[in-house]
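What follows is a single structure, written as structure tokens, with notes after it.
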Amino acid sequence: MTFMQKLHKQAPVNVSRRGFLSGTGALVLSTTLPVRPSKAQEAEAAAGPAVPAFLEIHEDGTAKLLSPFIEGGQGIYTTFAQVVGEELDLAPENFSVEIAPAGPPYDVMGGFRITGGSMSTRTSYELMRQLGASARAMFLEAAAQDWGVDASELTTEPGMVVHEASGRRAGYGELAAVAMDLPVPAEVTLRDPSEFRWIKTPVPRLDVRDKSTGQAKYSIDVEVDGMLLAAVQHAPRLGLTPASVGNLSEIEAMRGVHSVHLLDGAVAVVAGKFWQARRAVEAAEVEWTEGEAQWPMPADFSTDVFRDTLAGKEGEIVEVEAKGDAASALESADTVIEAIYDAPFVVHGQLEPPSATARFNDDGTLEVWTCCQAPEMFQGTAAQVAGLDPSQVSIHSQMLGGFFGRHFLYATSNPFPQAIALAKAVGQPVKLIWTREEDFLRDAPRPLGLARFRGAIGPDGPTALSVEVVGEGPTGRWYDAPVGSDPSATEGISGKSYAIANSHVGQIFHPNPAVIGYWRAVGHSMHDFMYEGFLDEMAGAAGQDPFEMRRALLTDNQRLSTLLEAVGELSGGWQPGPFEAEDGSQRARGIAMASPFGSEAAAIAEVSLDGGEVAVHQVWVAIDPGQIVNPAIVEAQVQSAVALGVSQTLVEELTYENGEPTARNFDLYPILRPDQMPEVHVRIIESGAPMGGVGEPGLPAVGPAIVNAVATLTGERIRSLPLSKHEFGGA
């Protein structure tokens with residue numbers, strides 16, 4: 001049975017009938033996995049633990065939905081309100097949505113959950129529809145019993161059950177007390193898409209007002225009675241640890257300071273206010289010594305040397321995918337081209353720096369408020385740090401001020417273990433905030449990636465392609481994915497759909513000294529740049545137009561052919577250039593495609609040179625997620641993905657020298673300026689394919705489209721990002 005089949009076998013259960021909410025008048029629905037609970041679990045349930053509710057419909061007719069996935073700007077609250085509301089027949093604006101706590105029944109991804117991989121909506125779409133449909137059916141049955149009619153005679157309007165024959169009407173709130181005593185129907189019929197009222201419409205975001213008025217609360221805003229504030233100074237190189245603080249007495253005497261603590265790899269100051277803690281810890285004269293770390297950074301590690309090491313790496317090539325006989329085709333070809341592509345380390349740099357608040361309670365339990373993308377994983381690690389059972393730990397996941405893969409469980413990159421240690425040491429709740437400098441220092445960046453390409457060219461275009469991807473992916477690092485089976489290490493090079501008769505993709509493993517992590521679009525964020533750039537090189541070697549060559553290579557793929565034609569049409573018709581624009585500048589366009597996270601995307605970028613720097617004027621993106629819920633959210637996600645794609649292509653790069661990152665803030669780590677942001681045009685195509693992701697697929701094709709346009713404009717092929725480290729002539 002596949003994962004999705006298992007997921008779809010989850011069914012709603014009426015929590016209200018267990019007596020947990022007796023007297024509240026609310027209908028409360030949860031879900032249950034298709035597994036009978038143990039006797040111990042049944043006994044615990046009978047004792048009345050906290051209600052594991054997904055959906056509550058209250059007496060006033062409003063609904064509260066607990067989201068299994070974390071809101072971090074991607075619009076999941078609104079999306080889920082639309083999906084549940086569609087089947088419940090309740091307008092999305094009548095929903096309040098909150099983040100669900102750690103633990104069942106919210107582990108809806110087959111016993112676990114993460115907010116990432118553009119998976120939230122597509123892995124829970126059917127489940128959320130069933131929740132709404134089950135509640136609607138129960139309201140119909142409640143009204144039928146109350147009015148003495150058959151439920152088949154009834155229908156609903158938004159928030160109301162209607163009996164057209166008698167003209168009787170009742171709001172959901174009026175029926176909640178009756179519905180809460182009913183069994184959940186074993187089977188429900190979901191709406192036909194032709195009847196959708198809210199799904200596929202641009203319903204306004206539910207969280208806009210709170211975010212716009214400062215009412216939205218993030219981890220950095222958490223306040224707990226009696227809490228102290230803390231700041232840290234990390235060792236400049238991972239692997240060092242504090243031996244002593246030379247001016248300890250001076251630091252302890254500073255205003256507001258409560259205590260100073262030597263942690264593993266850091267010094268912390270706890271104070272009454274954060275700025276007091278920060279001033280004190282930054283004034284600390286720390287003597288660092290070699291300590292113990294799982295991944296200590298070598299003292300001589302540098303980005304340039306590491307890139308050269310990857311470029312020259314030999315070893316076992318583990319096959320990832322193969323078609324035909326690429327080796328023989330390359331050996332017999334008259335024209336063979338080769339290239340090495342690389343992309344740099346990049347930081348996450350999310351708007352909100354990491355923070356965590358920890359409190360030990362009188363009953364021995366621990367509560368942690370933090371920003372995270374995987375609550376159950378954080379719960380397990382917090383329990384280990386505190387020496388508790390996971391059942392004694394509550395993780396209060398906060399709305400994220402941006403994430404991009406930053407808030408997964410990386411061994412040295414999360415503040416909550418430090419917050420737990422400090423709260424235990426001082427005997428009071430502690431909120432720890434990492435400054436931007438500490439975030440940069442302990443971030444788990446996207447790995448520096450490199451790939452070696454060889455392509456054979458025939459009279460009609462590419463006949464063979466061989467790629468060796470060198471390095472390590474975050475899924476291998478954190479989840480033990482085997483070499484050759486780690487999608488994060490090769491995706492964007494593997495998984496391509498072009499009809500090249502002979503192709504081979506392999507991975508040569510080489511460990512990354514840095515603590516690497518996931519970044520928006522993961523491997524696709526750099527590998528599509530490499531593959532699509534080399535594909536354009538093969539088009540040039542064959543004397544073919546890159547757009548037309550892609551069209552020929554996709555003749556047998558209707559979905560991608562449609563997407564390619566759509567982006568060409570959206571841009572006003574493909575024209576590579578160089579050509580003169582209305583402002584007199586010389587411009588060119590580039591094309592690229594990507595197939596990330598179950599979706600398909602194509603991008604065309606238009607560029608010029610301005611004072612020797614690349615200027616991106618317009619980006620056109622056609623995206624096919626198969627099926628969508630909210631077109632406005634899809635477009636917003638593509639817009640933001642384009643911004644990040646342009647940023648990493650033009651300017652972003654984290655470098656290391658002597659084992660330390662050279663940038664500690666945005667002064668030395670540039671990101672896209674407002675005046676560099678291009679106009680973005682989006683077209684959404686629903687092919688009817690299984691629902692794919694939305695948050696990340698708009699990014700991967702942007703970089704190669706820009707670089708391919710630059711090659712057309714300048715005649716110079718860039719194989720190493722970012723573009724800002726290259727010099728271009730012209731104006």
Side-chain angles (χ1 to χ4, degrees), residues 8 10-32 51-66 80-98 105 124-201 203 206:
H8 292 166
Q10 291 180 300
V13 59
N14 185 357
V15 180
S16 303
R17 299 185 80 226
R18 299 182 185 179
F20 293 169
L21 296 185
S22 178
T24 66
L27 171 62
V28 182
L29 292 183
S30 181
T31 62
T32 180
V51 180
F54 259 95
L55 175 64
E56 301 176 17
I57 296 92
H58 303 135
E59 289 182 301
D60 62 0
T62 62
K64 182 173 82 170
L65 178 67
L66 293 184
F80 280 169
Q82 286 181 256
V83 175
V84 176
E86 186 67 71
E87 298 293 347
L88 175 58
D89 205 354
L90 184 68
E93 60 263 28
N94 291 317
F95 281 78
S96 62
V97 186
E98 299 175 5
S124 54
Y125 180 65
E126 293 297 327
L127 175 62
M128 291 297 171
R129 291 183 68 187
Q130 289 171 8
L131 276 173
S134 297
R136 177 178 180 270
M138 293 169 71
F139 283 126
L140 288 170
E141 182 60 32
Q145 291 186 14
D146 190 37
W147 297 341
V149 299
D150 193 273
S152 63
E153 300 177 30
L154 305 177
T155 186
T156 61
E157 295 177 358
M160 187 166 294
V161 177
V162 178
H163 185 225
E164 293 185 359
S166 66
R168 297 190 71 172
R169 306 164 69 86
Y172 288 168
E174 301 172 58
L175 298 168
V178 178
M180 68 182 290
D181 293 323
L182 297 176
V184 179
E187 298 287 340
V188 290
T189 300
L190 302 181
R191 290 186 186 274
D192 186 274
S194 64
E195 302 174 345
F196 284 164
R197 189 193 305 263
W198 294 293
I199 292 179
K200 301 186 186 297
T201 63
V203 171
L206 300 183

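The figures here come from the full heavy-atom set of this structure, side chains too, leaving out hydrogens, waters and symmetry mates. Heads up: numbering here begins at 1 and tracks the sequence.
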Rounded to the nearest 0.5 Å, the CE atom of M128 sits from the CG atom of L65 at a distance of 5.5 Å
Main-chain N/O of R191 paired to E87 side chain as donor or acceptor, under 3.5 Å: yes
When every non-hydrogen atom of L154 is compared with those of A144, the smallest separation belongs to CD1-N, 3.6 Å
Smallest heavy-atom separation, A142 atom then L182 atom, equals N-CD1, 3.6 Å
CZ of F54 to OG of S134, rounded to nearest 0.5 Å, is 12.5 Å
Heavy-atom nearest pair, V161 first then A143, reads CG1-CB, 3.6 Å
**Q.** Any donor-acceptor N/O pair, R129 side chain to L190 backbone, under 3.5 Å
**A.** no
query = Can you check whether W198's main-chain N or O pairs, donor with acceptor, with T201's side chain at less than 3.5 Å?
reply = yes
Interatomic distance, NE2@H58 vs NZ@K64, rounded to 0.5 Å, equals 6.0 Å
For K200 and Q82 the tightest heavy-atom approach is N-NE2, 4.5 Å
Rounded to the nearest 0.5 angstrom, the CG-CD1 distance for N94 and I57 is 11.5 Å
To the nearest 0.5 Å, atom CE of M160 lies from atom CG of L90 at 11.0 Å
Beyond-backbone contact of L55 with F95, side-chain heavy atoms, under 4.5 angstrom | yes
Next on the checklist: Assess, by modelled atom type and distance only, whether the side chains of E141 and Q145 contain a donor and an acceptor separated by less than 3.5 Å.
Outcome noted: yes
Practice item. Check for a donor-acceptor pair, side chain of Y172 on one end and backbone N or O of L88 on the other, with a separation under 3.5 Å. Key: yes
Value for CH2 (W147) from CG (L175), rounded to nearest 0.5 Å, stands at 6.5 Å
When E164, R168, H163 are each screened for side-chain hydrogen bond (donor to acceptor under 3.5 Å, both in side chains) with S166, the one that passes is H163
Working note: M138 + V184, criterion side chain to side chain contact (heavy atoms under 4.5 Å, CB included); need CA distance, chi angles, decisive distance, verdict. CA-CA 7 Å; M138 293 169 71; V184 179; 4.0 Å; yes
inquiry  = Between T156 and F139, does the side chain to side chain contact (heavy atoms under 4.5 Å, CB included) criterion hold? Intermediate values first, please.
reply    = CA-CA 9 Å; T156 61; F139 283 126; 6.0 Å; no
